[in-house]
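Note on naming: letters A, B, ... go to the chains in the order of the sequence lines (proteins, then strands), and numbering restarts at 1 for each one.
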Amino acid sequence: MSQARGETCPIGVRFQVAPATWRIGLDRKAGGGSCTPGPGVSMPSSTFAPPPAQLDLPGLEKAILDLWRVRDVEGRSLRTTTRPDGSPRPAFVFYDGPPFATGLPHYGHLLAGTIKDIIPRFWCMRGYQVERRFGWDCHGLPIESLVESELGLHGKADIEGYGVPRFNAACRAGVLRFTAEWERVVQRMGRWVDFRNDYKTMDFSFMESVWWVFGQLWDRGLIYEGYRVSPVSPALGTPLSNFEVAQGPQERDPVTRKEGHKRRQDPSLTVRFQLEDEDAALWAWTTTPWTLPSNLALAVHPEVVYVKIRVVETGEIAYLEPGRLADYQSRGRIGQAEELARVPGSALVGRPYTPLLPYFEAYKSRPDGTRWAFRVVAATYVTTDSGTGIVHQAPAFGEDDFQVGQAEGLPLICPVNLAGIFDERVPDFAGQFVKDADKGIIERLKRERKLVDQDTIVHPYPHCYRTEQPLLYMALSTWFMQVEPLRERLVDNNHKIHWVPEHVGAGRFGNWLENARDWNLSRNRYWGTPLPIWRCDRDPTDMCCVHSVAELERLAGLAAGTLKDLHRESIDAISWPSKAGGTMRRIVEVFDCWFESGSMPYAQNHYPFEKKEYVEDNLPADFIAEGLDQTRGWFYTLHVLSTALFDRPAFKNVIVNGLILAADGKKMSKRLKNYPDPGLVIESYGADALRAYLINSAVVRGEPMKFGKNAQDLTGECVKETVRVAVLPLWNAFNFLVTYARADGWAPGPEDLGPQPLANPLDRWITSRVGSFIAELTREYETYELSNLVPAFLRICDDFNNWYIRRGRRRYWREKAGGADGDKQQAYATLFRALVAISRAMAPVLPFLSEFLHQRLVVDTGLAGPEEDSVHFCRFPTAEEFLRDEQLELDVEVARSVVALGLSLRERERIGARRPLGAVTVVSHSPAVLERLRRGEADILGELNVKQVLVSSDDTALVDLGAKPNLKLLGKRLGPKLKAVSAALQGLGQDELRTFAAGGSLLVEGETLGPDDVLLVRAPKPGLVVASEGALTIALDTEISEALKLEGLAREIVSAIQPVRKLKFPNDVSQRIHLKVWSEGALAATLRRPELVEMIRAETLAVSFELLPFPSEWSPHGTIAVPANLELAVIEGEPIAIAIEPLEPA
RNA sequence: CGGCCCGUAGCUCAGUCGGUAGAGUCCUCGCCUGAUAAGCGGGAGGUCGGAGGUUCGAUCCCUCCUGGGCCGACCA
């Protein structure tokens, strides 16, 4: 590593661990550890350091963080562009979506961060360079709102009074307040990402690239000025985004129980519009009286039938929808009515009516004399479930009204400003807030007898997320990007993206693209990238879109390099003379901050002003990952801009993660405190465990995840479980290797990292399994399917610990039978190699533990290759390095199922596995299975503790056969006849079934059934110790001979002695002992058998053995009490006392 | 109101290209242990959200309903 880079780290730097705390042994004197080589020792010792007395995962992780920091491991990973052999690393391109820097990271960020860490780490290990630049979204309403409230400002008037320069300065100063905390949490999670070389959307260079992007769209004619009906918060004096509207106060509807907008009481007016061509009225309903002065049309559904009535009481003649009439009558709002006629809506279309209020009468006719406004129009959105079926139209104040107005060519009249105040065009109410004007408007209508009915209504209505005041909808001038013409290209390009999960791309995202609407990308705000449009104050059609800083300086006559910033305070004052003799001034709007994050692939590198070639080479991204909520957010804006600019997708692969909910299934809420503090979880169980926990869920496939074991889990118990199942097994395997290798003086050599010829099937088996595991993991990483990583890892850990190590345990403590022990060497080498490979393959997921293992197993032992001072610089293992033997893997599977069956039989019969039995009989009809059984005989003997494995292909004596139809096959073939055949199969006799089992066929209900058509089930015959699973049957011989009985007792004695050994010598598994036992009766008889004593000595590492009778003074009252230095055990009711002394004083 | 996802054991979730449902955890009983804040096994626990339809057969496919989540639209 370091030598080539000329750094000062000596090769022999050790990573060592003190019992309670963990630290790096950079400073040897401070380290003071037990097996650090002394000063001046440059070569590492070859044996492993002792395992720590206790495992402290968070402590271990902090030590690793120190190690990474000291060796600049992270920095080298982020920036190294060559491989150890000097060849260039190809780029794997990753884009990091910028979070708002105005809040602290939560679990959603930790999850996304873990995904964004795992994939790049994998590709790094595959020899790629992965640039990972952290990004910050600095602009937008969140920070503006924050600053506004901190400065005590309320609304746009306040901000403008305070001054945009000062306001923006406050935003700039405040926006990065949480970055240090973000950095701390991200690093603690083990995520490697470049904070030093980050990007910010408020950077001068970033903003200039945004201008360039916009300029490209402008040049292609994709930008236009239009109107859009937006929700406006009059209190804030600003339009709100849909996002902000959705953040508004919510309330559950008392009837439907559905969550929705906060409810509000509004006036409910039914208003009379007088037709000009008939002495009749059209009744229309509204809840917003303030929009009535701006009424320009009435809408009917062309296909709905309307009724013309005479109200008996008043004689008034009116039109409305009959169902609605009945509703008014049933509520007692209108009395008896006489039906005069029925007409379809289409018959009403075009008819003129008298303006309700006089303010806009001028729009009655166009200049050519044709009727313009105040007429009936057709609109299919009109419904008949509320109101009158005739809808009042004020095109400036409703989305639907606006659409109808556009379609009908109606004028757009908006006599209300953003603060909700009427202007002079409505002189009676000018200067009044619209909601306050409601009252006056109602009074006037009442006075003029234009009110049919007055009531109130309580309905859900959007409210401002900050002031809780009701929002107003009004048409505002905004800048749009044309997206609709791009739809086809958007959809096409989407097909080139690999989505995980697939359905998001095809479903949610695809549907969204197909219905994409033009993008309103301007905002009437302050702290954002300004739209680079200058416009003539005399001729509004003369506009100039500025593409770069240099162009602006040129236009404004400024010296190159004058401009240092592009925010409003720096450029709003810039102007120049226009062609029409006026002045070119900047329009006031800033960009939607989604436009900025969508420009990130270009803007983070100041494209095209810098690094032009580099950026073009690195488009599109290989990989991005964000939450499902970004479907319409970042994913969309990236895709739209990339399609518009380059007609290709912005990213090739994307992982979409689901939302993390609290354990109770609700949203995580600081207020409710319904989730554990992430920092606490990390400090209790470690980041590795949290990463594994987060990844081990369908949340990496876009589905929601409940964080926690149950609703009471506020401490992160769920993560503790992950420690136990996913972290400890690997740790334990490591601990085993180190414990015995140290006891044995075994140390790995360079050859142990590579393939070697292996004699022992157990070694060949685990090697093959490791290969399968690596193949499996590689596939998952390569396809961005992260949810199977941990399950696959758990399976290999089970195989490793509960079969390979368990079965092979004795190989490691076998004493040298003089000379080299080849099998033992291979056992160690295989164990070592498997551990190294497994930990490397999991390094992207468990970066800390695998680093620790790498340091201990490879670096400490001097086996690390060039640049391999961190596991994360190692090559990802390939399956080809591990000799695969599928047959062997199947052999072991068979053996393990026999063992499982046997153990369950012992359980049933209450015969502990310590007691040896004479034989197990295993029956299978399959010659292949029998062959596998023969190969797995040793395992079965050992695990089931039997003396003999008998195999047979005849289970006649053991089980009764039954027959079931193979539904899958027979269903298709027989159809309705299946039921009869099934019934007949039940009634078959043993003889017939035996013949069939031997390879015959069955004739049932006229159907000939072959071997595949019928499934045989085996039921143990009563009274036998037999178990059956599938085609496999086993029987235990439970007859216990005298020899078996004595051997069983001997093993009981051994297992009574071992805990004493462990108690006395907890840290030395190879301690030799002197053994003394006191015993009488049957146990003593056992202990007089030389071969059993020899067995006991070998098992307990006893160099001497002495059997004594109980001294009489131990049992003065009939019960035995032994001195304190002895242990007393009871085996089959007989007491035995045990004394252990070390061979040499410990 | 629309789009997408989800509803399976007390809890967290697999799964089934349609053939009679499985893991982990909890509870309980037992076994095993010269690595293990261990390991293994037995038991208990489910009309696979509801109702129709297609089919010999539906937890799986279709329709409707219902509950939850996300995104979006609307509320005259």
Self-check item: Below 4.0 Å: OP1/OP2 of B:A76 and any side-chain N or O of A:T288
Solution: no
Self-check item: Candidates B:A35, B:C40, B:A76 - which lies nearest the side chain of A:N732
Solution: B:A35
Self-check item: Contact under 4.0 Å: A:R508 side-chain N or O vs B:G3 OP1/OP2
Solution: no
Practice problem: Round to a whole Å and report the spacing from CZ of A:F635 to P of B:C71. | Solution: 13 Å
Quiz item: What nucleotide among B:A76, B:A35, B:G24 has an atom nearest to a side-chain atom of A:N735?
Solution: B:A35
Quiz item: Is A:R724 touching bases, backbone alone, or none of the nucleic acid, heavy atoms closer than 4.0 Å?
Solution: sugar-phosphate
Exercise. Indicate, with a heavy-atom threshold strictly under 4.0 Å, whether A:N515 touches base, sugar-phosphate, or nothing.
Key: nothing
Exercise. Ignoring backbone atoms, test whether A:R809 places a side-chain nitrogen or oxygen under 4.0 Å from the OP1 or OP2 oxygen of B:A35.
Key: yes
Quiz item: Looking at A:R914, does any N or O in its side chain come under 4.0 Å of the phosphate oxygens OP1/OP2 on B:U33?
Solution: yes
Quiz item: On a whole-Å scale, what distance lies between the P atoms belonging to B:G49 and B:A14?
Solution: 13 Å
Practice problem: Pick the C1' atom in B:G15 and in B:C60, then give their distance to the nearest Å. | Solution: 10 Å
Quiz item: In terms of side-chain heavy atoms of A:V723, which of B:A37, B:U33, B:C5 is nearest?
Solution: B:A37
Quiz item: Expressed as a whole number of Å, how far does the P atom of B:G22 sit from that of B:G42?
Solution: 13 Å
Quiz item: How far, in whole Å, is B:A9 from B:G45 if one measures between their C1' atoms?
Solution: 6 Å
Practice problem: Using the C1' atom as the reference point in each nucleotide, state the distance between B:U20 and B:U63 in Å, no decimals. | Solution: 25 Å
Quiz prompt | Whole-Å C1' distance, B:C61 and B:G24 | solution = 30 Å
Quiz item: Do the charged groups of A:E943 and A:R896 touch, with an N to O distance under 4.0 Å?
Solution: no
Practice problem: Tell me whether the OP1 or OP2 atom of B:A35 has a side-chain N or O from A:Y812 closer than 4.0 Å. | Solution: no
Quiz item: Expressed in whole Å, how much space separates the C1' atoms belonging to B:G72 and B:C65?
Solution: 23 Å
Quiz item: A:H503 has a side chain; which of B:A38, B:G24, B:C4 sits nearest to it?
Solution: B:C4
Quiz item: Can you check side chain to side chain contact (heavy atoms under 4.5 Å, CB included) on A:W746 and A:L831, steps first, answer last?
Solution: CA-CA 12 Å; A:W746 183 83; A:L831 178 62; over 6 Å; no
Exercise. Provide the distance between the two P atoms, one in B:C70 and one in B:G10, to the nearest whole Å.
Key: 26 Å
